[in-house]
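Data first, discussion second: the structure below is written as structure tokens.
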Amino acid sequence: MDITPILEHLNDAQRAAVTAPPGPLRVLAGAGSGKTRVLVQRIAWLLTVEQANPWSILAVTFTNKAAAEMRARIEQLLEFRASGLWIGTFHGIAHRLLRYHWREARLSQHFQILDADDQVRLVRRVLRGLELDEKTWAPKQAVWRINAWKDDGLRAAHIDDRDDPLLRTHVRIYAAYEAACERNGVVDFGELLLRTVELLRDDATLGEHYRARFRHVLVDEFQDTNQVQYAFLKLITGQRGDVFVVGDDDQAIYGWRGARIENIQRFEQDFPGALTLRLEQNYRSTAVILDAANALIAHNRGRLGKRLWTDGSRGEPIDVYAAYNDYDEARFVVERIQRWVEEGGRRAECAVLYRSNAQSRVFEESLIAAALPYRVYGGLRFFERAEIKDALAYLRLLANRDDDASFERVVNTPTRGIGERTLDELRGVARERSVALWQAAERLLAERRLAARAANALAAFLALVERLARDTAERPLSAVTAHVIEHAGLLAHVRKDKDGKGEDRAENLEELVNAARAFETLPEELEGMRPLDAFLAHAALEAGEGQAEAWEDCVQLMSLHSAKGLEFPQVFIAGFEEDLFPHYLSSQDPEKLEEERRLAYVGLTRAQRHLTLSFAERRRLHGQEIYPRPSRFLREIPAELTRDVRARATVSRPLYNPGPLVQAESDTGLQLGGRVRHPSFGEGVVLALEGAGAHARVQVNFKAAGAKWLVAAYAKLEKV
DNA sequence: CGGCCTTAGTTTTTT
DNA sequence: ACTAAGGCCG
């Protein structure tokens, strides 16, 4: 057999990983070191050389995108459909197992998945049920806690709350919430994982079955695994299994959501005989950028250790721009992007990265003013839109009348005269008799305990749902969806919405019908499920793209977190200021500070060719003018790798980097503050210098004409 | 029931 | 400063 394609284009370290003998292996893959290639070729190696059965391979990622990419690349490499292989996200795989084994997992057959938004709503209901004040017991806080416990594999019953009243209440909320989920036949994201772990741990037969089956387990982004995910991996591999984990401790940026960097750090202790390989050759960035990233991350302690290198070019220095304020910062970045585009670059090759999403606004304004199309990542996803969630809630009620979250969502959407009073009544009855809202409604109506108006409205709603169910039985999913949207009155409801978004919303609803069509024939891994259940699970597990028009050539705006895994020729990282980056909520705790530094490391290593960092000397924050200090991270980048760019001569604050200022690298022969003469504008003073070579620009304050930006090469300035 | 006003919070995000 | 969400009133 010809195995050349599998070993082609691999460096020594990559080849060692791909061809390693079965057994626990940890691959420390630096940014841009070809980790996806290694994962893909490893799978190909297992399938061909090791003659592994596709059936025996399980590859786990964190995002749907990563899973899809891996599958596509395997199919491309091996030229066949990668069927039989299990490739998916932790949640997708857990979901699949729970659908197969819903009985053993003690779930209802048509259990539904709660997304983050549904979860908060449900917790809010639970709080009311416990008669806890929402002011004191913020639902979001409680959700945060519950999720953190689930991430750690803890049930309410496991938590020791002896001496802490606050904790005790949260545990009570957790227990009540667990019960509510149970009654409603819903599971949240954390539950998918926790339930699966319990299933594999407590059901010896099933555990043994899957351990025997998945002889080869591969994990991407291993540094981001939380405790439950780690427990899942241990359960599925056993002690001596073939586990191939790829990750980078220096890119662990999700500690705040339960990820345990220790998982990658102590891999060798948990999997005896484990080997470690390092991928340190980088194929993405210039040497300057890598040197900067290496120097920065060297300030962290307890690293597994790794040093990126390249045999590519050294590259240009990193520009550091000290902006006068946040608007000036945006102006500068946008001008640079414009110049890049004028020189033939694509807008989509430019990324503006920031620590917090609020920073995007100023950039958006500047980009609009400059008529540059852009795309902001991380907005509302398709399946998270209110009108879509309303439609899905109807569908969920069709699938499962006990789904209280959905019931509450649409019982009065569109408004049909069912108010808070009626609902309170319903909730009370549901609680007393431990039944779902749907049954509570039926009983209240049967017992005639409601005022006539409310009773009519409620009866109309129940009848509507029953009618929808009857009229759509046996029809294809897209027809069901279209029917529900139309006859529940959602389309009309959305159209009369007056903020001008009505038509957009109607279009989204139509798009939902198209999305449903894709589930009329189920992919093999979902075989046996009802199309409706599969569609609803998909909506929860894969919320869709944030923002449309991915294909248009536009400037990319995103948080540093969302930039992980991506690369761009031109990267701008804005807001290198103390309290913003590192964020003030993280700068006190050394562990959190290190995570911030890793975030900076992730940011720097996104850049392929050119990197520009900026900070503002003033910034508007929460309506207040603040005077931030440059970020400590700037000081951790060796000065010889950077080049200060200053737009103004009036910078008054101390430099971020002590020592001699490398003045705005200029081959124009001009000096800040120097006097010059222009053929038509006359005499003036140099205010600013920017860029170099053919693109060097200079700002001059002319006595007569005022301040002007000139391209040095054309301006014919002479020194006075 | 819906519109308006007050009030509180304001890091990062996937599933 | 801005926004989102809850409370209150018509």
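All chains are named by letter (A, B, ...) in the order of the sequence lines, taking the proteins before the strands, and each is independently numbered beginning at 1. Because only heavy atoms are used, hydrogens play no part in the values below, and waters and symmetry mates are left out as well, while side chains stay in.
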May I have the distance from [X] (atom [atom1]) to [N] (atom [atom2]), rounded to whole angstrom?
X	N	atom1	atom2	result
Asp151(A)	dT15(B)	CG	P	14 Å
Phe90(A)	dT13(B)	CZ	P	20 Å
Lys140(A)	dT3(C)	NZ	C1'	12 Å
Asn147(A)	dT12(B)	CG	P	17 Å
His493(A)	dC1(B)	NE2	C1'	13 Å
Arg620(A)	dA1(C)	CZ	P	6 Å
Asp579(A)	dT12(B)	CG	C1'	16 Å
Arg597(A)	dT12(B)	CZ	P	21 Å

Answer with base, sugar-phosphate or nothing: what part of the nucleic acid does [X] contact at a heavy-atom distance below 4.0 Å?
X	value
Asn412(A)	sugar-phosphate
Arg124(A)	sugar-phosphate
Leu114(A)	nothing
Asn64(A)	sugar-phosphate

Given [options], the nucleotide with the shortest approach to the side chain of [X]:
X	options	answer
Thr89(A)	dT13(B), dT15(B), dC2(C)	dT15(B)
Thr415(A)	dC1(B), dT13(B), dA1(C)	dC1(B)
Thr63(A)	dT14(B), dT13(B), dA1(C)	dT14(B)

Polar pairs (N or O, both sides) under 3.5 Å between protein and nucleotides 6-11 of chain B?
{"from": "dT11(B)", "atom 1": "O4'", "to": "His583(A)", "atom 2": "NE2", "distance (Å)": "3.3"}
{"from": "dT11(B)", "atom 1": "O2", "to": "Arg355(A)", "atom 2": "NH1", "distance (Å)": "2.7"}
{"from": "dT11(B)", "atom 1": "O2", "to": "Arg355(A)", "atom 2": "NH2", "distance (Å)": "2.2"}

Locate the shortest heavy-atom distance separating Leu194(A) from Gly153(A); write the atom from each residue and the value. CD1-CA, 3.8 Å
Tightest non-hydrogen contact, residues Val228(A) and Lys150(A), listed as CG2-O, 2.7 Å
Without swapping roles, check the side chain of Arg597(A) against the backbone of Asp250(A) for a donor-acceptor pair under 3.5 Å. no
Main-chain N/O of Phe222(A) paired to Thr225(A) side chain as donor or acceptor, under 3.5 Å: yes
dA5(C) to dT12(B) separation - P atoms, rounded to the nearest Å: 15 Å
Pairwise C1' distance, dC2(C) and dT13(B) [rounded to whole Å]: 22 Å
Quick one, Val352(A) and Tyr374(A) - any side-chain contact, counting heavy atoms below 4.5 Å? no
For Trp256(A) and dT12(B), is the gap between ring centres under 5.5 Å while the planes differ by less than 30°? yes
So, OP1 or OP2 of dC2(C): does either fall under 4.0 Å of a side-chain N or O from Arg361(A)? no
Ion pair Arg155(A)/Glu178(A), N-O distance below 4.0 Å: yes
Pair Asp188(A)-Gln119(A), side-chain donor/acceptor within less than 3.5 Å: yes
Does a donor on one side chain sit under 3.5 Å from an acceptor on the other, for Tyr100(A) and His95(A)? no
Taking the nucleotide of DNA chain B with the nearest heavy atom to each, does Leu541(A) or Ile418(A) sit closer to the 5' end? Ile418(A)
